[in-house]
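These notes concern the structure reproduced below.
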Amino acid sequence: MQDVKAEEIETAESTAIENKEDNRETVLKVEDVSMLFNLSKEKNDSLKEYILALLKHKLKFDEFWALQDVSFELKKGDRLGILGFNGAGKSTLLKVIANVFKPTKGKVERKGVLAPMIELGAGFDPQYTGYENIYLYGACLGYSRKFIDQKIDDIIEFSELQKFIDVPLKNYSSGMKTRLGFAIATIVEPDMLILDEVLSVGDAKFRQKSMNKLKALLEKNVTVLFVSHNVEQVRSLCNKAIILDHGKMLAFGDSEEICNQYEEMTNS
């Protein structure tokens, strides 16, 4: 009799946990998303030659599906690790979710403020100083000048570039640019954060500092999409994961299970 009651209690607890999980708000829904790129096989030396070839129907393309029928959804506070070999479609998926690309098929629904860290420093100007680029890149990310005025000391301090902040960016190393880009992008407290290999660059000290910053954001229930080749980083940061292979989603589920599956693929 006691065993029956214990089993009933366990079942009730499990149901309660599932219901609690189901009550979280869905903040991202990716439905049957496909992305087609046309790769030109012709070499045209000028725009005029390209247009003439196009009008004469002599322009040949190779169709390349970077994504094919990808579907999943995330609840508020989920942290999704995106795993896959080079060319799997990971960065393309993030750009579709960030609205950089419009999908060829399917749709993406998302809620809240999005902070995409897909190409850190893509809006930098090498002729401007680090200080000037904080305002320039901040504007690219949608921050107001007033907001940057309030946060600029924090950005400089986090980047650890105080001695170089008035130096033109063309004299920065790639690691210094990444540190500045990361410091600017993470100064907001977004509802959703998109990370594309941003923890794989820079020195070990700054990588740890970046990881700590992300963990602080996670404690505020931020939803995260995280691309990394480092399975241990995915295990550390994420509760869910997917595996992409040649644009197709092979698996989606608990991060530990998916990481184990990915390790088996990489070791086979």
Side-chain angles (χ1 to χ4, degrees), residues 79-82 86 90-91 94-95 97-100 112-238:
R79 288 99 58 199
L80 178 72
I82 303 174
N86 290 334
K90 304 184 297 297
S91 294
L94 293 188
K95 288 177 181 177
I97 293 171
N99 207 29
V100 176
V113 176
L114 174 70
M117 284 187 278
I118 298 174
E119 295 174 2
L120 286 178
F124 285 156
D125 188 316
Q127 303 303 320
Y128 290 175
T129 66
Y131 190 92
E132 292 168 329
N133 269 291
I134 291 175
Y135 285 91
L136 179 63
Y137 189 40
C140 291
L141 294 175
Y143 306 163
S144 68
R145 184 176 184 86
K146 182 179 178 181
F147 178 79
I148 296 295
D149 286 340
Q150 296 169 345
K151 300 291 185 179
I152 193 161
D153 289 340
D154 295 333
I155 292 170
I156 296 170
E157 182 181 355
F158 187 88
S159 70
E160 301 175 358
L161 294 171
Q162 292 92 333
K163 294 181 180 179
F164 306 94
I165 205 64
D166 293 318
V167 173
L169 222 73
K170 63 184 178 181
N171 296 323
Y172 278 28
S173 67
S174 59
M176 291 166 70
K177 293 174 187 175
T178 299
R179 281 156 58 183
L180 187 61
F182 187 93
I184 300 167
T186 56
I187 202 65
V188 294
E189 294 183 2
D191 300 298
M192 188 179 300
L193 191 61
I194 293 183
L195 307 167
D196 188 1
E197 293 285 0
V198 297
L199 299 182
S200 62
V201 291
D203 57 46
K205 181 183 175 184
F206 192 78
R207 283 200 300 271
Q208 186 58 51
K209 186 176 181 178
S210 301
M211 181 70 81
N212 293 340
K213 175 79 170 183
L214 292 178
K215 287 182 176 179
L217 288 173
L218 295 182
E219 290 175 1
K220 297 177 181 178
N221 216 26
V222 173
T223 304
V224 175
L225 291 91
F226 177 49
V227 165
S228 178
H229 288 291
N230 188 322
V231 175
E232 292 310 313
Q233 282 185 346
V234 173
R235 281 195 175 101
S236 173
L237 280 175
C238 304

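Heavy atoms only: backbone and side chains are in, while hydrogens, waters and symmetry mates are out.
- The minimum heavy-atom distance linking Leu237 with Arg79 is given by the pair O-NE, 3.1 Å.
- Leu80 CG to Leu195 CG: the interatomic distance, rounded to the nearest 0.5 Å, is 11.0 Å.
- Rounding to the nearest 0.5 angstrom, the gap separating the CG atom in Leu180 from the CD1 atom in Ile165 is 5.5 Å.
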Report the C-alpha distance between Tyr143 and Lys151 in whole Å, list the side-chain angles of each, state the deciding distance to 0.1 Å, and finish with yes or no for side-chain contact (heavy atoms from CB on, under 4.5 Å). CA-CA 10 Å; Tyr143 306 163; Lys151 300 291 185 179; over 6 Å; no

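- By the 30° and 60° cut-offs, the orientation of the rings of Tyr135 relative to Tyr131 is tilted.
- The minimum heavy-atom distance between Ile97 and Leu114, with the atom names listed, is O-CD2, 4.2 Å.
- Separation of atoms CD (Glu157) and CD (Gln162) is listed at 7.0 Å; rounding is to 0.5 Å.
- Between Thr129 and Glu132, the shortest heavy-atom distance links the atoms N-OE1, 2.9 Å.
- Contact check for Val188 versus Val113: no side-chain heavy atoms found under the 4.5 Å cut-off.
- Lys213 and Phe182 get closest at one heavy-atom pair: CG-CE2, 4.0 Å.
- Here Lys209 contributes atom NZ and Ser159 contributes atom OG; the two are 7.5 Å apart, rounded to the nearest 0.5 Å.
- Counting only heavy atoms from C-beta outward, the side chains of Ile184 and Phe124 approach each other to under 4.5 Å.
- Taken to the nearest 0.5 Å, the CG atom of Leu161 stands 8.5 Å off from the CD1 atom of Ile134.
- In this structure, Leu169 and Met176 have side chains that are not in contact, with every pair of non-hydrogen atoms separated by 4.5 Å or more.
- Remark: side-chain polar atoms of Asn133 are not paired, donor with acceptor, to backbone N or O of Pro126 under 3.5 angstrom.
- Nearest heavy-atom pair across Ile155 and Ala183 is O-CB, 3.5 Å.
- Looking at Ser210, its side chain does come within 3.5 Å of a backbone N or O of Phe206 through a donor-acceptor pair.
- The CD1 atom of Ile187 sits 8.5 Å away from atom CZ of Phe158, with the distance rounded to the nearest 0.5 Å.
- Counting non-hydrogen atoms of neighbouring residues, nucleotides and ligands closer than 6.0 angstrom, the CZ atom of Phe164 reaches no more than 12 such neighbours.
- Here the closest non-hydrogen pair linking Val234 and Ser228 is CG2-CB, 4.3 Å.
- Between Asp149 and Arg145 the shortest side-chain heavy-atom distance falls below 4.5 Å.
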